[in-house]
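What follows is a single structure, written as C-alpha cells, with notes after it.
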Amino acid sequence: MNKLTLNVYAYWTRSTINYFFDFNKRSVTTIAMEGMRSLEKPKVIFVLGGPGAGKGTQCSKIVERFKFEHLSAGDLLRAERAREGSEYGALIDEYIRNGKIVPVEVTCSLLENAMKKSSNNRFLVDGFPRNQDNLDGWNRQMSDKVDFQFVLFFDCPEDVCVARCLTRGQSGSGRLDDNIESLKKRIETYNNDSMPIIKYFEEMGKVEKIDAKYNADDIFTKVEKIFYKSGFQ
Ligand SMILES: Nc1ncnc2c1ncn2[C@@H]1O[C@H](COP(=O)(O)OP(=O)(O)OP(=O)(O)O)[C@@H](O)[C@H]1O
Ligand SMILES: Nc1ccn([C@H]2C[C@H](O)[C@@H](COP(=O)(O)O)O2)c(=O)n1
C-alpha cells in the first residue's frame, strides 16, 4: 500500500468515525430532549373575559403565532350538545339558553379528553373556569396534571360586549345565545360568578389583564408582549 493510499484510507476511517460519533451524539441529545418534552406537564393558560370580549378572536391569533392549541369550553359544550346520542345534550342546551354554567364534571371531562387527544403541549383553555364549581372541579381533576401559567383576562366594557355579540348574531353566528335576552343572563352570570374567579387569580398575582375595547390587531400586540415576557417564542 503506498503512502497516498494509506492517507486516503486513514482520512476515510476518521471521517466515518466522526460521522457516526456526531450522529450518535446528536441523536442521543435529540432523543433525550424529546423524552424530556414528553415528560413535561402540558402548559395551560386560562382565557377569560365577558361574552364577546374577543377571547376566541385573540386565541386564533395566539394559535397561529405561538403554536398553542385552543380549547374553548363553550365550543366543546356546543359540539357535545350536537353529538348524536350524547347523554348531556338536553342538559347543555338548557344551561346555554339560560346563560348558566354547565356542571363542571361535564366540561372538565370534555377538556381533559381534548387534551389527551392532542399532540400539543400548550393549551389555551378559553371560557373556563367560569365559576367556583368550575374551579373546584378543575382542582380536583386536572390541576396536578398540568403546568398552569396564568389567566389572560380580556377586560371589556359591557356595552361593547353586548354590541359585538348582537352583531355576531346578526351576521349569522347561529348561536342560540347571541340575543339580548340570553346576553342579559350571560352578563349577570359573568358579573356574579366569573368575576370572583378572576379576582381570586388576581390576588395570587396570576392575571395578565388587557383592555379589550380596542381593535383586534392592537390588542394582539399587547398579547404578544405578555407571551414573550412569559418565555413563549
Ligand atoms: N377587538 C375587536 N373589535 C371589534 N370586534 C371584535 C373584536 N374582537 C372580536 N370582535 C368580534 O366580536 C365578536 C365576538 O368575538 P369573539 O367571538 O372573539 O368573543 P368571545 O369573547 O370569544 O365571545 P364568547 O364568550 O361569546 O364566545 C365576533 O363577531 C368578533 O369578530
Ligand atoms: N366553562 C363554561 C363555558 C361555557 N359554558 C356554556 C355557558 C355559556 O354561556 C356558553 C357559551 O360559552 P362561550 O362560547 O361564550 O364561552 O357555554 C359553560 O357552561 N361553562
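Note that ligands are numbered from 1 as they come in the structure, with each ligand's atoms numbered from 1 the same way. Quick note: residue numbers are just sequence positions, from 1. The figures that follow rest on heavy atoms only: side chains count, while hydrogens, waters and symmetry mates do not.
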For ligand 1, which atoms, with element, lie under 4.0 Å from some heavy atom of [X]?
X      : value
Ile219 : 1 (N)
Ala53  : 21 (O)
Gly50  : 21 (O)
Asn215 : 1 (N)
Gly56  : 18 (O), 20 (P), 22 (O)

Would you tell me which option among Arg130, Arg175, Lys61 has the nearest heavy-atom contact to atom 27 (O) of ligand 1? Arg175
Ranking Thr57, Leu48, Leu183, Asp218 by closest non-hydrogen atom to atom 30 (C) of ligand 1, top hit is Thr57
For Lys222, is the NZ atom crowded, meaning more than 12 foreign heavy atoms sit under 6.0 Å from it? yes
Is the number of heavy atoms from other residues, nucleotides or ligands under 6.0 Å of Tyr88 OH greater than 12? no
Contact check: Tyr214 vs ligand 1, nitrogen or oxygen atoms, below 3.5 angstrom: yes
Considering both backbone and side-chain atoms of Ala212, is one of its nitrogen or oxygen atoms within less than 3.5 Å of a nitrogen or oxygen in ligand 1? no
Looking at [atom], what's its closest protein heavy atom, distance included?
atom                    : answer
atom 5 (N) of ligand 1  : Arg164 NE, 3.6 Å
atom 28 (C) of ligand 1 : Arg168 CD, 4.0 Å
atom 19 (O) of ligand 1 : Gly54 N, 3.2 Å
atom 25 (O) of ligand 1 : Lys55 NZ, 2.7 Å
atom 23 (O) of ligand 1 : Gly52 N, 3.1 Å

Looking at [X] and [Y], would you say the former's side chain and the latter's main chain have a donor-acceptor pair under 3.5 Å?
X      : Y      : result
Lys55  : Gly49  : yes
Asp218 : Tyr214 : no
Ser194 : Arg130 : yes
Thr189 : Gly99  : yes

Only pairs at least two apart or in different chains count here, so list each salt bridge (charged side-chain N to carboxylate O under 4.0 Å, His left out) that has a residue in residues 182-201. Asp177-Arg186, Asp178-Arg186
Side chain, backbone, both or neither: which applies to Gln58 and ligand 1 if a contact is any heavy-atom pair less than 4.0 Å apart? neither
d(Met195 CE, Glu202 CD) to nearest 0.5 Å is 6.5 Å
Give the residues near ligand 2 by chain and number, with the criterion being a heavy-atom distance under 4.0 Å. Ala73, Gly74, Leu77, Arg78, Ile96, Lys100, Ile101, Val102, Gly127, Phe128, Arg130, Asn134, Arg175, Asp177, Arg186
Less than 4.5 Å apart, side chain to side chain, heavy atoms only: is that true for Arg175 and Arg78? yes
Less than 4.5 Å apart, side chain to side chain, heavy atoms only: is that true for Cys156 and Arg164? yes
Result of checking Asp126, Val223, Ile45 against Ile62 for side-chain contact (heavy atoms from CB on, under 4.5 Å): Val223
Side chains of Asp136 and Gln132: is there a donor and an acceptor less than 3.5 Å apart? yes
Ion pair present between Arg65 and Glu224, side-chain N to carboxylate O less than 4.0 angstrom? yes
